[in-house]
Amino acid sequence: MKLSKLLEPFQALRNRLFAKLYLAQTISLLGDAFTWVGLALLAYQFGEERAAVILATALTLRVTTFIIFSPFAGVLADRISRKKILYTTHFVRMVIVGCLPFVTEEWQIYVLIFLMNVFNAFFSPTYRAIIPQIVDKSIYRQAIGLSAATYQLLGVLGPGLAGILAIWLGAREIFFVDAATFVIAGILLLSLPKSKLDVVPDEVEGKIKPTTWQDVLKGIKLLFSNQYVRFALSIEFVSAVAGALILVNTIVLVKGGLELTDKDYGIIMAAFAIGAMVAAFVSGAIDKSKSRRISLIVGALILGVAISFANYLDFSMLFIVWIVAGLGQSLAEIPSETLIGETVPIEEQGKVYGSHFAFSHLWWAFAYPLAGFLGTTFPNQSFLYGGIITLVILVLVVTFLRPKNHSLKK
């Protein structure tokens, strides 16, 4: 693949407004990596035997808050200043992170994590709704691809950097560094021009405004009534099942099945993230030459097939296959956000992004327990059975939910 294809997403940074928003997102994502590494170390301080339970509970709370609050966040993004939502929720999260070094009881962790992700549930859909508003359609896919690739890259590099800082500073002190990243990103958000970010639906003046619940239901209706977005969201369910298996059971496979070390586990997970990152970078170029539907189906198919063989591979082959699986996951997930930006009216995008954010995390709420059940009940065949389930769901989605009249093209 030509280097120009990999660099193509960076063309979106020529848009100075997007470049500033992207930089704020990048710094914020780095802060999130500090949060979760610091939380893992803090959980360990409460007792080695409780660490896994604390982290699992925190992740469950995170997903739950997204499911409950994201649809309301999307409605809010269409009603009030989006800039105000961004910087208010951002600075509140900064204060919450600054409280984490002072916790003395386990329940305090749960309360702070819940509150932090409530505000994150308002921040993320608003951020996603802004991107199609500030960039031209010609570079929208590159902007989404760059954001997704950065998310994957920091998923690899962020925890490593956070771990180094934690060794140097200490488990609790790393949260102060985390809070500092929120300050820097917050300053960037405050510098964004309000007039460019906010939607002013002046055409509804004089009419009876819908209630919040009516707007929430409208966002859900728009999400599922659009055959292209509905199909892409259904493919995300396939991706979630396979992705949860990878996140939950790779540690068992590497340390239990292959009897390798923590370092080897880190290398395997880095391979998955690298594959996802590369696919995210080139997604815009792929979309130009292939229909969006083919990208979705092929991505999910690659992901399902790749994980099916994982229980029977050695370390070297697993490394290669996890790169392929990462490629598949990005191809199966990125088109959803692009399609919302391209097919939903801009004054409705906030509520649709909010509904999408909630339902895409609802898929993971189903997928995590399934992955845990397979890993516990069938530790030596968990990926085989999970891969079969993934491929069966894919066949059902393609058979019954595939758009009938057009390919998913621009």
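Sequence positions, counted from 1, serve as the residue numbers for this chain.
Applying the side-chain hydrogen bond (donor to acceptor under 3.5 Å, both in side chains) rule to Thr390 yields no partners; only residues at least two apart in sequence or on another chain are considered. By the side chain to side chain contact (heavy atoms under 4.5 Å, CB included) test, Leu258 is found to be paired with Leu260, Leu318, residues two or more places apart in sequence or in another chain being considered. Judged as a salt bridge (Lys or Arg N to Asp or Glu O under 4.0 Å), and not counting sequence neighbours, the contacts of Lys218 are Glu348. Not counting sequence neighbours, the partners of Tyr22 by the side-chain hydrogen bond (donor to acceptor under 3.5 Å, both in side chains) test are Thr150. Remark: Phe119 pairs with Thr89, Val92, Arg93, Ile96 by the side chain to side chain contact (heavy atoms under 4.5 Å, CB included) rule, at least two apart or across chains.
The main-chain N or O of Arg62 is found under 3.5 Å from a side-chain atom of Thr65 such that the two form a donor-acceptor pair. Thr181 places a side-chain N or O within 3.5 Å of a backbone atom of Asp178 that can act as its donor or acceptor partner. Under a 3.5 Å cut-off, the side chain of His90 and the backbone N or O of Leu86 do not form any donor-acceptor pair.
A donor-acceptor pair shorter than 3.5 Å can be found between the side chains of Ser239 and Glu333.
Trp107 has its ring centre no less than 6.0 Å from the ring centre of Phe114. Centroid-to-centroid, the aromatic rings of Phe182 and Phe91 stay 6.0 Å apart or farther.
Ring planes of Trp363 and Phe237: tilted class, angle from 30 to 60°.
Residue pairs satisfying the side-chain hydrogen bond (donor to acceptor under 3.5 Å, both in side chains) criterion with at least one member in residues 23-34, sequence neighbours excluded, are listed as follows: Gln25-Tyr127.
Between Ile134 atom CD1 and Asn15 atom CG the span is 6.0 Å, to the nearest 0.5 Å.
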